[in-house]
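Here's the structure, in structure tokens; my notes come after.
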Amino acid sequence: MINAKDWQQEQERLTTVMDKLRGTIAELEPEVSGLRDQVTDIRKRFWEEVTINTSNAEDFEETFYSMKQQEALLSERERSHRQRMQRLKSMKRLLTSPYFGRIDFQEEGSSLSEHIYIGVSSFVDRDGIDFLVYDWRTPIASMYYDFSPGAAIYDTPGGRVTGDMRLKRQYQISGGQLHTVFDTSVTIGDELLQQVLGKGADTQMKSIVATIQREQNAVIRDDTSAMLIVQGAAGSGKTSAALQRAAYLLYKHRDKLKADQIVLFSPNPMFNSYVSTVLPELGEENLQQTTMQEYLAYWLASTFQLENPFDQIEYVLSGTNSYGYEARLSGIHYKASKSYLKALQQYGLWLRKEGMLFQSIPFRDGELVSTEQMEAQFYSYDSSIRLANRVALLQEWLLKKLSVLERKERRAQWIQDELNYLDNEQYAEAYKELVRRHKQEGTVIHFNEEYVGIYGDAEEGLGEAEDFDFDYAMQEEELLRQMIVKAWFKPLRQQVKRLKFIDMIGLYARLFGDAAAYQEMTNEMDMPMHWQEISKQTKEKLSQSELFYEDAAPFLFLKELVEGNRTNTEVRHLFVDEGQDYSPFQFYFLKMLFPRARMTVLGDFSQAIFPQATNLHELDSPLTKLYGEGETNLIRLVRSYRSTREIVAFTKALLPNEEIVPFERSGRKPCLVNVISSEKRAERIIADIAALRAEGYDSIAVITRTADESRQAYDVLQSQGSDALRLITKETLTFEKGAMVIPSYLAKGVEFDAVLIYDASSQTYARESERKLFYTACTRAMHRLVLYATEEWTPFIQAMEPLLYEVE
Ligand SMILES: Nc1ncnc2c1ncn2[C@@H]1O[C@H](COP(=O)(O)OP(=O)(O)OP(=O)(O)O)[C@@H](O)[C@H]1O
């Protein structure tokens, strides 16, 4: 804490800033509403202000300019309104807490030490020169996160500034009131961080701008790497850093980067809701959020029933004894690998020479264009042309061919039959169309009463009948023929436009047959184990219009090789959270889909629970190779901010090689509870939840290994009288406070005040492959961790130092 005199000065400064803020808000409010009224008014009276006259070229030009003028006025007012509105919102945000930090900095060569107050946005005095508050993302504010008092530097677009930081101070201000002030030295106020971290879990993630740590700041402000990899221990603030990074990039490149040009891939829809308030809290619009599944489904759901990654992991966790399990696992690994990617690329090259598969264009009972014709045409193009470009040429050829065939078909005998079956409405339509055409051409025609009698007097304002000089009946028949054939050809044309003439499923399915054929097409030297069974399983799925999750990205990749068109050049930044759960294949695929985006991948290999995991940080990581070492920056975060020291010590013992340093916050040791039956366990869990609630913990998760176990646990707990318990499934979209039962893989990325591991026995967690899953579940706990078992404890606990836990 600071002395009374300094406190007094800080109090006075806060009062001055608050007054000025109120003054600015009072000035801005009427300006904003005035501009809003003007915009509404201009919009409403737009056409009144424009004189429309198109009688001659000069009048037309005048009309055009008067419209342009009106449009310019409107967009200028809209822009002013938007800017003022944004400023007003920023000022209002500052009103509760105008700043959280201050540094005093004396630039080299200057005799003055400047007081830099730092908040969530900048606030400049009326003179436009005096910065009362600096946005935390300004270059000068970076020193607050990067240095302790003493020599300090910061980089600006104009070059590096060096100097001396005389003071570093932190504030807790809320509701415009000064609560605490700390002078800090080494890191950003451990006291403040202690207070922030000691609080309960929230249903929404919070912004951490007031307490960003130095290594996190490096993640946030890295603006040069094409690939930024953040390997961070559980709870080290990867997701937090990613979101503040988005806010930073939006601020730094505000004139050219928009929020919808940043895409965040997150682990599940519930996580999306969990992080969705951080950017708005920082005054920025939300970025685009999606999940890999959602993205794949966008392109594939109309063709296949797509397996969900959570169903895949359920199978991996529960299907150990089922037939074909080993083969499926081997298939999952192979289809996630760089080798498979190369195999598909090679297959693409092979297809340039031979083997493209097409679907004929059917017509009535036969074929309009056969697959042989397509094949011949396709391979008549220069073999150096890329597959996708050749497909585009073939498409053009097909469309032209359809036009020729369409004209030819008008003379076909079957049309005559169709004509006989037409109803009056269709004749009437043709009649109207003819009238319209002739009117347009200025031809004067006469319809005899017979036609008018049948079809009604569609013709109004037609000139007097003069020469009955064209054979209406013939024209009508010709038109009807055209209409009939057109109706038949329209869907065919659409199919061609949608590239339905390519047999994509056939092309993918062909890979899964004889191993020798596969090797010939793909040059694969190192076939995965159980190839025959993998092939059988894959083809079986395809034949039912279903797709395994592990096949989704590869299928789409092949589709892209053959068809092109799917790349997105708008997106500039791709953030992939829980990156260890994506396959090398998927990363490569993402790079291909978003060729103009930089990538930020955040993850923890220790939490790699999906079989297609990617190692993020080792030298041979496929991620480093994606953009090359020169373009890649790897940052490691080892300090964990989520869990107490005791919980971190326990979880670290599960994965002794994991680099993880706890933030010094203390709590109870994890507690092991052994009970004799599942009923007794339910009783105990219910009592524990009640006790935790009484201690003030609002968010409590009973974590099970799989969804099946969640359902069982939920049923037992309910039958024992636990009310207000929520069952979380892969369909759950929002994250709410309270007690819940949740499978381990859905708890990824989120955190709870207390975690109750439903079954930590050797029956549930025994295989080495389950170690990381168990670790991930335990690391969700912020303050309390309780584990239950009805049998002997999992070997992961048995191997642990007993000092690390309490037993009840
Ligand atoms: N600098 C910080 N100041 C305050 N709180 C922080 C800071 N860094 C992280 N935290 C808090 O620590 C918790 C964990 O952060 P976050 O979820 O971002 O970690 P993570 O590395 O993504 O975790 P995991 O990999 O386990 O999902 C959150 O409650 C977050 O608010």
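For ligands, and for the atoms within them, numbers begin at 1 and follow the listed sequence. What you see is a predicted model, and the numbers here were worked out from it, not measured in a lab. Side chains included, hydrogens not; waters and symmetry mates left out as well; all remaining heavy atoms used. Each residue takes its place number in the sequence, starting with 1.
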* Hey, would you say the Y117 and Y134 ring centroids sit under 6.0 Å apart? -> no
* Is a side-chain N or O of Q607 found less than 3.5 angstrom from the main chain of D604, in a donor-acceptor match? -> no
* Asked: salt bridge (Lys or Arg N to Asp or Glu O under 4.0 Å) with E284: which of R245, R137, R254?
  -> R137
Is there any protein N/O under 3.5 Å from an N/O of ligand 1, and what does the full list of such pairs look like?
from     : atom 1 : to   : atom 2 : distance (Å)
ligand 1 : 1 (N)  : T211 : O      : 2.8
ligand 1 : 1 (N)  : Q216 : OE1    : 2.8
ligand 1 : 3 (N)  : T211 : OG1    : 2.7
ligand 1 : 8 (N)  : Q216 : NE2    : 3.0
ligand 1 : 17 (O) : R642 : NH2    : 3.1
ligand 1 : 18 (O) : T239 : N      : 3.3
ligand 1 : 18 (O) : S240 : N      : 2.9
ligand 1 : 18 (O) : S240 : OG     : 2.7
ligand 1 : 19 (O) : G237 : N      : 3.0
ligand 1 : 21 (O) : S236 : N      : 3.2
ligand 1 : 21 (O) : G237 : N      : 3.1
ligand 1 : 21 (O) : K238 : N      : 2.9
ligand 1 : 21 (O) : K238 : NZ     : 2.8
ligand 1 : 22 (O) : T239 : N      : 3.0
ligand 1 : 22 (O) : T239 : OG1    : 2.8
ligand 1 : 23 (O) : G235 : N      : 3.0
ligand 1 : 23 (O) : R642 : NH2    : 3.1
ligand 1 : 25 (O) : K238 : NZ     : 2.7
ligand 1 : 25 (O) : Q607 : NE2    : 3.2
ligand 1 : 26 (O) : G235 : N      : 3.1
ligand 1 : 26 (O) : R642 : NH1    : 2.7
ligand 1 : 26 (O) : R642 : NH2    : 3.4
ligand 1 : 26 (O) : R780 : NH1    : 3.3
ligand 1 : 26 (O) : R780 : NH2    : 2.8
ligand 1 : 27 (O) : R780 : NH1    : 3.3
ligand 1 : 29 (O) : E751 : OE1    : 3.2
ligand 1 : 29 (O) : E751 : OE2    : 2.4

* Would you verify whether the NZ or CZ of K772 falls within 45 degrees of the ring axis of F605 while also being under 6.0 Å from that six-membered ring's centre? => yes
* To do: Assess the pair F100 and Y171: is the distance between their ring centroids shorter than 6.0 Å?
  => no
* To do: For the residue pair H783 and R668, confirm or rule out a side-chain donor-acceptor distance under 3.5 Å.
  => no
